[in-house]
Amino acid sequence: MDLNDQDWQDEQRRVDMVTGKVAVRKKALEADVGVVRGDVVELRKDFWDEVRVNFSSSDDLGETSTSLRQQSQVLSERERAHLQASETLKKLKLLVDSPYFGRIDFTEEGQPRTEQIYLGIASFLDDDQETFLVYDWRAPVSSLYYDGAPGPASYETPGGEISGRMELKRQFVIRDGRIKVMFDTGVTIGDELLQQVLSHSSDSQMKSIVATIQKEQNAVIRNDKSRMLVVQGAAGSGKTSAALQRVAYLLYKYRETLKADQVLLFSPNPMFNSYVSTVLPELGEENMLQTTFQAYLEHRLGREFDLEDVFSQMEAILKAEEGPWLQAKRASIAYKSSPHFLETIQRYKERLEHRGMKFKPVRFKGRLIVSEQAMEEKFYGFDQGVRLANRVELLKDWLLKELAQFAKQERKEPWVDEQIQLLDPDEYQKAYTRMRRKQGAKNATFDDFELERSLLAKMVVNEWLKPVRKWIKRTRFVDVKAMYEELFLNEELFLEVSEGKLPDEWDEIGKQTVLTIREGKLSYEDVTPYLYLQDLLKGFQVNNVIRHVFIDEVQDYSPFQLEYVKRIFPRARMTALGDLNQGIYAHTDVLGGSLESLKKLYGEEHTEVISLTRSYRSTHEIVDFTRSMMPGGESIVPFNRHGEKPVLRKVNGREELHQHIVQKIKELKNEGYEHTAIICKTAEESEFVYESLKEELPLKKIAKTTPSFVTGTLVIPSYLAKGVEFDAVVIYDASSDAYDRESERKLFYTACTRAMHQLCMFSLGEPSRFIRDIDPAKYTLET
């Protein structure tokens with residue numbers, strides 16, 4: 001529908017009115033926040049001046065306690081008021097520039113009046129505190145904007161469904177209080193607005209998409225029924241953006257019971273955490289907790305082993321020549337990531353309930369306190385009906401008692417007297433004071449030699465036994481390492497717990513597993529199974545506080561890892577986001593190209609799968625090219641934003657390649673593309689390219705440890721580029737020498753799909769078959 005000048009004038013007048021009221025309220029609140037902040041500072045500074053401290057009698061003590069409590073309550077109330085005012089002020093600052101992005105006119109069934117509903121990133125009430133000038137995009141009525149079109153429409157509320165008719169849907173782009181774009185639309189979200197948003201350059205941080213949420217993305221955002229929500233989305237379909245808006249929606253809808261620190265996002269790498277860190281603050285919400293699965297593994301096992309990460313594993317596989325090692329490595333990864341190995345570990349634990357537990361002896365100064373045989377005998381002497389982890393706790397208590405008995409005997413040993421003589425005066429005085437307090441011997445003095453020696457001997461022995469006591473309390477006496485090794489050393493045992501199924505390359509897998517562990521290392525494919533076995537034996541360290549777990553790039557997780565995440569967050573709902581076409585790691589083939597492993601986690605009845613097939617990131621030409629690489633790629637729907645075809649150029653050597661890349665990067669810079677990536681296959685190749693070109697181009701090198709995402713021209717390994725986007729992408733070497741194995745198809749696809757506006761591929765010699773198999777009409781071959 002065409003809009004006349006009168007419509008523009010009317011809408012601009014309303015924008016002026018709303019932004020004016022927002023500005024007035026903002027100014028008043030800024031003054032209030034300053035006053036409250038000053039109150040808090042003064043209260044903290046003068047806290048003890050306002051409290052009468054007197055411990056002379058029980059009455060004085062009670063008065064002091066009351067005074068402390070009252071002053072603490074005053075301070076707490078002012079701090080709470082300051083926090084609330086600051087949060088409101090943050091939202092007003094967002095609204096004053098762009099108060100809203102959409103309008104719907106809705107006539108509720110049975111009501112004579114049509115209501116004009118304006119949607120923004122936060123609600124704003126008129127001065128009467130009853131009339132909504134702006135509705136929050138997460139309010140129930142707002143779903144009409146995302147899901148409906150003019151005509152009969154309805155939306156869900158806590159009180160039931162509201163039906164009626166949508167008379168109008170209007171979209172805005174407002175900047176600095178001025179309407180830049182405005183149009184009426186009959187579809188969900190008009191392509192005009194999307195075109196404008198998507199034509200912009202990429203950035204070092206992901207942006208909010210609330211103004212352009214599509215119907216299928218809205219289904220992801222507002223889903224709050226499923227225990228397990230699986231979002232299978234094509235590259236560039238907005239699945240991660242939708243997930244972050246989903247977090248904001250959940251924090252809004254359940255604001256009385258859900259806080260940001262009860263939501264956890266597992267990101268693919270630390271750099272990605274930085275990339276998405278501004279989305280929730282843009283919406284006036286606090287950021288959820290963010291970590292990587294590797295960081296959790298390091299937290300649990302990093303002190304005991306040198307842990308391989310998935311990037312190091314990937315690097316090793318990509319650089320390896322075809323041969324016995326690579327064959328065995330692939331077999332090991334595939335098996336140890338599988339549901340069958342998970343079941344094998346579970347059956348192993350059941351066997352250990354009856355026999356086979358291994359323990360480390362308790363020793364002190366080379367002397368045996370409790371042998372492993374005595375521990376095993378005691379362990380299997382407990383009631384067999386008691387859970388294995390609980391029996392470990394009972395054994396721990398027994399060992400601490402045995403240690404206490406040992407300590408009593410040890411106090412008589414000559415070495416204790418030697419240590420007493422070595423105590424300096426401060427230690428002597430400290431020991432005396434501590435022992436008086438602990439023993440209750442208030443009238444004792446060190447004039448009594450026997451008492452003196454007894455007190456000091458106890459102190460010395462306890463101090464020396466402290467590491468042993470700590471070791472027992474941490475249940476380090478359970479020899480998990482020996483039991484995990486036993487699985488791969490004892491074929492008869494493995495056959496018993498695996499129901500007679502040996503994995504391919506069994507001998508080599510067992511040999512490499514044991515060798516790596518004895519070097520103090522754990523391969524990536526062993527880390528989760530090892531930790532899972534350890535927790536089965538000692539008890540899972542569960543987190544009952546987290547209520548929502550989000551896993552991005554879920555195709556990079558094995559069924560084993562997903563089961564483990566479920567176990568450690570038993571009260572959480574899970575949102576899993578991924579694209580099976582981007583399952584680039586060796587263990588991801590275990591998913592078998594299906595969603596069955598994800599559906600099994602919580603059961604079909606508690607799982608919902610939403611597919612996002614429309615790709616918004618790249619131009620029509622780039623999507624048409626990249627989808628041709630993948631089986632079933634025809635199901636990916638390109639957004640109708642056109643640009644140049646991908647370009648392929650064959651070169652004859654490194655020198656020529658580097659000359660063309662320098663020229664191309666400079667051309668892209670002149671065309672206004674600020675955020676460009678030179679995507680290499682491996683980290684080793686990235687290092688070489690960076691060193692080769694850094695004198696001619698202002699480059700930034702991205703590694704797995706890079707903490708934050710940056711703009712500019714980046715040199716980045718293919719497997720670290722996942723989840724982010726660039727104005728233009730240069731594939732450093734797209735030759736058959738670089739990408740030829742079928743296992744590398746998804747890696748190449750992932751690298752190419754990072755491009756928003758331009759994709760340029762160079763090939764040192766014959767191009768990869770992943771390009772050769774595509775219709776030549778879908779790309780430009782430059783000579």
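For clarity, every value in this text was computed on a predicted model and none was experimentally measured. FYI, side chains are in, hydrogens and waters are out, and symmetry mates aren't considered; it's all heavy atoms of this structure. Numbers for residues simply follow the sequence, beginning at 1.
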Under 3.5 Å donor-acceptor, N670 side chain and K666 backbone:
yes

Between K669 and E674, is there a side-chain N and carboxylate O pair less than 4.0 Å apart?
yes

Roughly how far, to the nearest 0.5 Å, is CD of Q290 from CG of L264?
9.0 Å

If only side-chain N and O atoms count, and only distance matters, is there a donor-acceptor pair under 3.5 Å linking K778 with S628?
yes

Please report the shortest heavy-atom distance between D740 and F770, naming the atom on each side.
O-CZ, 4.1 Å

For the pair H658 and F688, name the ring-plane relationship: parallel under 30°, tilted 30 to 60°, perpendicular over 60°.
tilted

Is any side-chain heavy atom of L307 closer than 4.5 Å to one of E298?
yes

Sub-4.5 Å side-chain heavy-atom contact between I622 and V729
no

Check whether S332 reaches the backbone of K329 with its side chain - one donor and one acceptor, N or O, closer than 3.5 Å.
no

Measure the CD1-OG1 distance between I636 and T626 for me, rounded to the nearest 0.5 Å.
6.5 Å

With a 3.5 Å cut-off and no angle check, do the side chains of Q659 and Q663 form a donor-acceptor pair?
no

Are the side chain of K645 and the backbone of A777 linked by a donor-acceptor contact shorter than 3.5 Å?
yes

Hey, mind stepping through N640 and H642 against side chain to side chain contact (heavy atoms under 4.5 Å, CB included) and telling me if it holds?
CA-CA 6 Å; N640 194 28; H642 288 277; 2.9 Å; yes

Side-chain donor-acceptor pair present, Y719, E315, cut-off under 3.5 Å:
yes

Minimum heavy-atom distance T753-S618, with the two atoms named:
O-OG, 3.9 Å

Taking the side chain as C-beta and beyond, is there a heavy-atom pair between K215 and D147 under 4.5 Å?
yes

Flag side-chain contact, heavy atom, 4.5 Å: L693 against V689:
yes

Would you mind checking if K521 and E308 are paired as a salt bridge, meaning a charged N to carboxylate O distance below 4.0 Å?
no

Using side-chain heavy atoms (C-beta onward) and a distance below 4.5 Å, is L326 in contact with I317?
yes

First locate atom CZ of F625, then atom CG of L759, and finally report the distance between them rounded to the nearest 0.5 Å.
6.0 Å

Test ring-ring contact (aromatic ring centres under 6.0 Å, His included) on Y557 and F293; report intermediate values, then the result.
CA-CA 9 Å; Y557 288 70; F293 190 59; 5.7 Å; yes

Go through it in stages, so that I can follow the logic: the residues are I551 and M574, the test is side chain to side chain contact (heavy atoms under 4.5 Å, CB included), and I'd like the CA-CA distance, side-chain angles, deciding distance and then a yes or no.
CA-CA 8 Å; I551 300 180; M574 190 181 293; 3.8 Å; yes

Verify the distance criterion only: is there a donor paired with an acceptor across the side chains of Q217 and Q245 at less than 3.5 Å?
no

Testing N269, D556, T750 for side chain to side chain donor-acceptor pair (under 3.5 Å) with K722, which one passes?
D556

Output the distance between atom OH (Y739) and atom CZ (F748), rounded to the nearest 0.5 Å.
7.0 Å

Taking the side chain from D733 and the backbone from L764, do they hold a donor-acceptor pair closer than 3.5 Å?
yes

Just so I know, are the side chains of L531 and L301 near enough to count as touching, which here means a heavy-atom distance under 4.5 Å?
yes

Salt bridge or not for R769 and E742, using N-O below 4.0 Å?
yes

Given the rule in the side chain to side chain contact (heavy atoms under 4.5 Å, CB included) test, do L342 and Y564 qualify, once you have shown the distances and angles that lead to the verdict?
CA-CA 10 Å; L342 172 66; Y564 186 75; over 6 Å; no

Got S312 and D309 here, is their nearest side-chain heavy-atom distance under 4.5 Å?
yes

Evaluate the side-chain proximity of V565 to L601: yes if any heavy-atom separation is below 4.5 Å, no if none is.
no

Please find the pair of heavy atoms, one from R641 and one from E621, that lie closest to each other, and give the distance.
O-OE1, 4.1 Å

Please check if any side-chain donor atom of E553 sits under 3.5 Å from a side-chain acceptor atom of Q555, or the reverse.
yes

Measure from the side-chain N and O atoms of R627 to the backbone N and O of S635, and report whether any donor-acceptor pair falls under 3.5 Å.
no

Please check if the number of heavy atoms outside E644 that lie under 6.0 Å from its CD is greater than 12.
no

Residues R772, E766: salt bridge by 4.0 Å N-O rule
yes

Rounded to the nearest 0.5 Å, what's the gap from CD1 on I333 to CG on D526? Could you check?
10.0 Å

What class does the angle between the rings of Y146 and W137 fall in, given that below 30° is parallel, 30 to 60° is tilted and above 60° is perpendicular?
perpendicular

Any carboxylate oxygen within less than 4.0 angstrom of a Lys/Arg side-chain nitrogen, looking at R330 and E525?
no

Could you walk me through whether T713 and L668 pass side chain to side chain contact (heavy atoms under 4.5 Å, CB included), step by step?
CA-CA 10 Å; T713 304; L668 291 168; over 6 Å; no

Enclosure of E656 CD (heavy-atom neighbours >12, cutoff 6.0 Å)
yes

Establish, from distance only, whether the side-chain atoms of D737 and S735 form a donor-acceptor pair under 3.5 Å.
no

Just wondering, are more than 12 heavy atoms of other shown residues or ligands nearer than 6.0 Å to CD in E322?
yes

Between Y749 and M630 the two heavy atoms that sit nearest each other are CD1-CG, 3.5 Å

Begin from the C-alpha positions of Y673 and E667 and carry the test side-chain hydrogen bond (donor to acceptor under 3.5 Å, both in side chains) through to its verdict.
CA-CA 9 Å; Y673 295 125; E667 286 175 7; over 6 Å; no

Rounded to the nearest 0.5 Å, what separates atom OG in S768 from atom CD1 in I774?
8.5 Å

Using only atom types and a distance under 3.5 Å, with no angle test, would you say the side chain of D552 pairs donor to acceptor with the backbone of S267?
no

Note: K681-E744 ion pair, threshold 4.0 Å (strictly below)
yes

What are the two closest non-hydrogen atoms of V220 and V231, and how far apart are they?
CG1-CG2, 3.8 Å

Positive for side chain to side chain contact (heavy atoms under 4.5 Å, CB included) with L648, one of C760, P767, P776
P767

Quick one: does S98's side chain have a donor or acceptor within less than 3.5 Å of a partner on R175's backbone?
no

Mind listing the closest non-hydrogen atom pair of R617 and A235 along with its distance?
NH1-C, 4.0 Å

Go through the side-chain N and O atoms of T513 and K336 and say whether any donor and acceptor fall under 3.5 Å apart.
yes

